[in-house]
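A quick write-up on the structure given underneath.
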Amino acid sequence: MTESKAMILGCSGLTLTEDEIALYKAERPWGFILFGRNIGDIKQITDLVASMRDSVGRPDAPVLIDQEGGRVQRIRSPLLQSYPNAQALGEIYLRDKDQGLRAAWLMSRLHAFDLMRLGINVDCLPVLDVPVEGASNVIGNRAYGFDPALVSAMGQAAADGLKAGGMLPVMKHIPGHGRGLVDSHHELPVVDVPLAELEAHDFVPFRALSRELMAMSAHLVFTAIDPERPATTSPKVINEIIRGMIGFDGLLISDDSSMNALQGTLGERAANIVAGGCDIVLHCNGVMSEMLQVVKEVPVLSGRALERAAAVEAGFPVADGADEAALREEFNAMLTVA
């Protein structure tokens with residue numbers, strides 16, 4: 001694998017600027033991420049993805065997107081089908097488990113048809129957070145439901161659908177964002193419940209999917225584990241809970257370092273993420289002044305982080321050759337019935 005730095009970066013618009021190309025060439029991010037501001041038309045998306053990879057000289061560099069369905073769907077109609085949120089799929093599961101699991105698998109398989117033809121090969125899905133009553137709507141209907149067993153089963157089906165289409169999933173937000181009472185995009189949630197309760201509820205889906213290759217961290221403080229630091233920057237949460245109790249040994253990507261749940265300058269945040277034990281620093285908003293701070297603090301991938309990143313690059317599956325039209329018809333029929 002070409003030497004890369006332990007970061008995933010976004011860009012500011014529909015095409016790369018000269019400054020962005022120069023930064024990527026010099027600093028060599030391991031991967032890239034797309035947001036709504038980067039979406040114009042099909043050819044433009046395909047060209048942007050290709051130019052990102054060209055800037056680092058790696059035709060297989062991971063390109064990520066949050067294409068969940070519902071309110072978190074970066075590429076929307078009319079470019080791609082509008083998909084339902086996870087809660088709607090969970091409601092199918094509550095009526096008929098087999099149908100619910102099939103719906104989760106089908107939607108992910110359709111995401112793979114949509115995204116792979118654009119060159120996007122990683123979807124930040126499934127959301128494995130298990131909400132509790134009174135929690136912030138930042139997760140809300142992005143979750144499959146309130147039952148850890150339901151979320152585990154639906155999340156596995158969703159992950160499997162992506163892999164059947166040649167993509168890799170990123171499960172989020174480990175070790176669980178379901179209890180956050182505030183939106184971590186804007187402020188730091190603090191979760192004040194016993195560890196035993198977290199283990200029996202919040203951690204369950206992540207333990208069930210612990211063999212997946214990638215996960216994204218949660219910007220929450222768990223007072224029972226580390227009252228001082230959010231999970232993303234906490235060696236205790238990462239080593240004892242994510243790597244230990246949950247048993248996840250894949251590539252751990254931070255949630256967006258520009259979110260206001262984290263404190264300090266962007267450089268300080270990046271340094272804290274690395275020191276906490278995340279393998280990859282994620283920076284999403286494409287603001288050049290912020291990226292320049294981040295790249296100064298992020299090391300070249302090495303050691304276990306390099307091994308995990310290499311496992312991801314070697315782990316992209318071959319698509320199953322399924323009939324897209326037939327699967328789309330089956331899925332849309334499920335929605336009509338629902």
Side-chain angles (χ1 to χ4, degrees), residues 1 3-8 29-31 33 60-62 64 108 121-130 148 151-160 162-163 167-178 195 198-220 222 224-226 229-257 270 272-282 298-317:
M1 185 173 69
E3 185 177 81
S4 301
K5 293 185 80 169
M7 60 190 178
I8 293 168
W30 178 73
I33 190 165
D60 58 351
L64 289 69
S108 284
N121 57 358
V122 178
D123 193 358
C124 298
L125 181 78
V127 174
L128 297 182
D129 305 309
V130 187
V151 173
S152 300
M154 292 290 281
Q156 188 66 71
D160 290 346
L162 290 175
K163 290 183 286 187
M167 298 190 73
L168 284 178
V170 178
M171 53 182 181
K172 58 190 185 187
H173 305 82
I174 198 168
H177 205 303
L195 177 58
L198 295 170
E199 184 179 10
H201 185 270
D202 304 55
F203 302 166
V204 170
F206 296 100
R207 188 182 300 117
L209 274 73
S210 62
R211 298 188 68 177
E212 297 297 336
L213 293 176
M214 286 182 281
M216 183 179 292
S217 70
H219 293 338
L220 284 86
F222 296 94
I225 308 163
D226 184 345
R229 302 179 186 88
T232 297
T233 61
S234 170
K236 191 173 181 68
V237 173
I238 290 173
N239 294 326
E240 296 183 14
I241 304 302
I242 294 175
R243 301 301 190 192
M245 185 177 287
I246 289 173
F248 174 69
D249 193 38
L251 190 73
L252 183 60
I253 302 167
S254 77
D255 203 348
D256 184 10
S257 58
N272 290 337
I273 289 168
V274 172
C278 280
D279 298 309
I280 298 284
V281 176
L282 175 64
V298 175
V300 170
L301 277 166
S302 63
R304 287 292 295 126
L306 176 61
E307 291 172 2
R308 293 172 181 134
V312 169
E313 294 200 19
F316 283 96

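- The CD1 atom of Ile238 sits 6.5 Å away from the OG atom of Ser217 when rounded to the nearest 0.5 Å.
- Interatomic distance, Asp279 CG to Leu306 CG, rounded to the nearest 0.5 Å: 10.0 Å.
- How far CE of Met171 is from OG of Ser210: 6.5 Å, rounded to the nearest 0.5 Å.
- Here the closest non-hydrogen pair linking Pro317 and Lys163 is CG-O, 3.1 Å.
- The minimum heavy-atom distance linking Asp249 with Arg304 is given by the pair OD2-NH2, 2.6 Å.
- When side chains are defined from C-beta on, Val312 counts as touching Trp30, because their heavy atoms get closer than 4.5 Å.
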Quick one: do Leu64 and Asp123 satisfy side chain to side chain contact (heavy atoms under 4.5 Å, CB included)? Show the steps, please.
CA-CA 6 Å; Leu64 289 69; Asp123 193 358; over 6 Å; no

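- When atom types are taken as modelled, the side chain of Lys172 and the backbone of Cys124 share a donor-acceptor pair closer than 3.5 angstrom.
- When side chains are defined from C-beta on, Val281 counts as touching Val274, because their heavy atoms get closer than 4.5 Å.
- Contact check for Ile253 versus Ile8: side-chain heavy atoms found under the 4.5 Å cut-off.
- Closest approach of Pro205 to Val151, counting heavy atoms only: CG-CG1, 3.8 Å.
- Judged purely by atom type and a 3.5 angstrom limit, Lys5 has no side-chain atom pairing as donor or acceptor with the backbone of Pro299.
- Residue Val237 is tested with Ile174, Thr232, Ile225, Leu220 for a side chain to side chain contact (heavy atoms under 4.5 Å, CB included); the sole match is Ile225.
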Please determine whether side-chain hydrogen bond (donor to acceptor under 3.5 Å, both in side chains) holds for the pair Asp226 and Ser234, giving the CA-CA distance in whole Å, both sets of side-chain angles, and the decisive distance to 0.1 Å.
CA-CA 7 Å; Asp226 184 345; Ser234 170; 2.7 Å; yes

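- Once rounded to the nearest 0.5 Å, the distance linking CG of Leu128 with NE2 of His177 reads 13.5 Å.
- In this structure, Lys236 NZ and Ile242 CD1 are separated by 13.5 Å, a value rounded to the nearest 0.5 Å.
- With Arg207 contributing its side chain and Gly247 its backbone, the two residues share no donor-acceptor pair below 3.5 Å.
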Could you walk me through whether Val122 and Met214 pass the side chain to side chain contact (heavy atoms under 4.5 Å, CB included) check?
CA-CA 10 Å; Val122 178; Met214 286 182 281; 3.9 Å; yes

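- Inter-residue side-chain proximity for Glu240 and Met245 is flagged as unmet; no heavy-atom pair is nearer than 4.5 Å.
- Side-chain atoms of Pro169 and Pro126, non-hydrogen and from C-beta on, do get closer than 4.5 Å to each other.
- The two atoms that bring Ala218 and Gly176 nearest to each other are CB-O, 4.2 Å, heavy atoms only.
- Looking at Phe222 and Ile241, their side chains never come closer than 4.5 Å, going by heavy atoms from C-beta outward.
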Please report the C-alpha distance between Val204 and Val130 in whole Å, then the side-chain angles of each, then the deciding distance to 0.1 Å, and finally whether the side chain to side chain contact (heavy atoms under 4.5 Å, CB included) criterion is met.
CA-CA 9 Å; Val204 170; Val130 187; over 6 Å; no

side-chain hydrogen bond (donor to acceptor under 3.5 Å, both in side chains), that's the test. Do Asp129 and His173 meet it? Break it down for me.
CA-CA 6 Å; Asp129 305 309; His173 305 82; 2.7 Å; yes

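- No donor-acceptor pair under 3.5 Å is formed between the side chain of Ser152 and the backbone N or O of Ala208.
- Taking both residues in full, the closest heavy atoms of Leu251 and Ala309 are given as CD1-N, 3.7 Å, listed atom of the first, atom of the second, then distance.
- Using a 4.5 Å cut-off on side-chain heavy atoms (C-beta onward), Leu168 and Asn121 make no contact.
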Salt bridge (Lys or Arg N to Asp or Glu O under 4.0 Å) evaluation trace for Arg211 with Asp160
CA-CA 12 Å; Arg211 298 188 68 177; Asp160 290 346; over 6 Å; no

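- Heavy-atom minimum distance, Ile273 versus Ile280: CG2-O, 4.4 Å.
- Within the 4.5 Å cutoff, the side chain of Val170 has no heavy atoms near those of the Leu125 side chain.
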